[in-house]
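Position 1 is the first residue of the sequence, and the numbers go up from there.
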Amino acid sequence: MATTYHTKVLIIGSGPAGYTAAIYAARANLQPIMTTGFEPGGQLMLTTDVENYPGFRQVIQGPWLMEEMKAQAEHVGTKLVYDAIKKVDFHQQPFICEGENGDTYVAKTVIISTGAQARWLGLTSEDQFRGFGVSGCATCDGFFFRNKEVAVIGGGNSAVEEALYLTHHASKVTLIHRRDHLRAQSVLQDRLFKHPKIQVLWNQTVDKIVGEENPRKVTALHLKNTINNEITTLKVDGVFIAIGHIPKTEIFKEQINMDTEGYIITTPGTTITNIPGVFAAGDVQDKVYRQAVTAAGQGCMAALDAEKFISEASDI
């Protein structure tokens, strides 16, 4: 039987931003409800070793960190519902949101923390070694490849920036691009081509990621030439996929302002959107930093922004 939930704060999506927003909203006695989505925890659920989240001297596991955040959110009073929002109506207040489970959520404010997902190559071998040498974030995982040889896949700004960042850790970085020219900004290309640790392989795609199972690790790439289909092997210890990210904002289209890539636009320095009472936190609106700690910080901001809005909006 369908249920209608009423709440001062509805948090759509889990992960560091959502869980932190829930913790702060609950501690403000706003009795938040979170719809976790059908993949609770976001991208950190796919991350094995986390070494850059403050407060832990030892390496921690991404799924463990998300479970701890979830438990803390529940402990302070957040109601978690295992549901995914499929439709929203931001044209009136209170806001009406419909879940895949058939339930309805009536909310005075909404915090969107649905995140973004990396674009992947779609290879079976990519899935096999994801988290064991295959990564979508150099800032997150580059530290684990000190003095090793790595590859970056892509040709835009993100790929070039990832390659340049990895030179601080890796002994050699190979940028692999399917065309004979890059799409990145000229200033970035100049830095890339001048760097002694970086080589570029043109007109190549990844045909297969090769590795070992015990322990599981990447050892090489099979590359396919886009002109003559020749297969070659490149020895690497890790591969970083940098072909872009996709914000999870499909259900909010025509409801809220977004940029051309689908990221929600917020007022600089806040989580405030163009819809009064609707806030966005984490990777769903951040395409620059995309870190767990920045997402958590934005979750805190969203809860505080929502609390301020509720206290000032006596007419809803």
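By the 30° and 60° cut-offs, the orientation of the rings of F193 relative to W202 is tilted. By the 30° and 60° cut-offs, the orientation of the rings of F56 relative to Y53 is tilted.
For residues 173-188, the side chain to side chain donor-acceptor pair (under 3.5 Å) pairs, not counting sequence neighbours, are T174-Q199. Among residues at least two apart or in separate chains, side chain to side chain donor-acceptor pair (under 3.5 Å) pairs with a member in residues 294-307 are T271-D305, Q285-Q298.
Checking side-chain atoms of T273 against main-chain N and O of V278 turns up a donor-acceptor pair under 3.5 Å. Within the 3.5 Å criterion, the main-chain N or O of K248 finds a donor-acceptor partner in the side chain of T114. Between the side chain of R216 and the backbone N or O of Q128 there is at least one donor-acceptor pair closer than 3.5 Å. Remark: the backbone N or O of A138 is paired with a side-chain donor or acceptor of E162 at under 3.5 angstrom.
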Inset, instruction - Output, in order, the C-alpha distance, side-chain angles, deciding distance and verdict of side chain to side chain donor-acceptor pair (under 3.5 Å) for Q58 and E51. - result: CA-CA 7 Å; Q58 301 294 338; E51 201 169 23; over 6 Å; no
Inset, instruction - Could you go through the side chain to side chain contact (heavy atoms under 4.5 Å, CB included) check for V236 and F145 one step at a time? - result: CA-CA 10 Å; V236 294; F145 295 90; over 6 Å; no
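Neither I11 nor V88 shares a network with the other; the hydrophobic side chains, linked directly or stepwise wherever heavy atoms of I, L, V, M, F, W or Y lie under 4.5 Å apart, form separate groups for each. A continuous path of hydrophobic side-chain contacts links I264 to I12 [ILVMFWY only; heavy atoms under 4.5 Å]. One hydrophobic cluster, built from ILVMFWY side chains closer than 4.5 Å, cannot hold both F95 and I272; they sit in different ones.
Here SG of C137 is found 13.0 Å from CD1 of I241. Values are rounded to the nearest 0.5 Å.
A salt bridge links E261 and K287; the closest N-O separation between the charged side-chain nitrogens and carboxylate oxygens is under 4.0 Å. Using a 4.0 Å cut-off between charged side-chain N and carboxylate O, E312 and K308 make a salt bridge.
A side chain to side chain contact (heavy atoms under 4.5 Å, CB included) with V173 is found for one member of T167, L164, V200 and no other, namely T167.
Defined by atom type and a distance below 3.5 Å, a donor-acceptor pair is present between the side-chain atoms of Y105 and D83.
Annotation: K197, atom NZ; neighbour count of heavy atoms from other residues, nucleotides and ligands within 6.0 Å is above 12. Counting heavy-atom neighbours within 6.0 Å of F90 CZ, excluding the residue itself, gives a total above 12.
Every side chain to side chain contact (heavy atoms under 4.5 Å, CB included) that E68 has, sequence neighbours left out, goes to W64.
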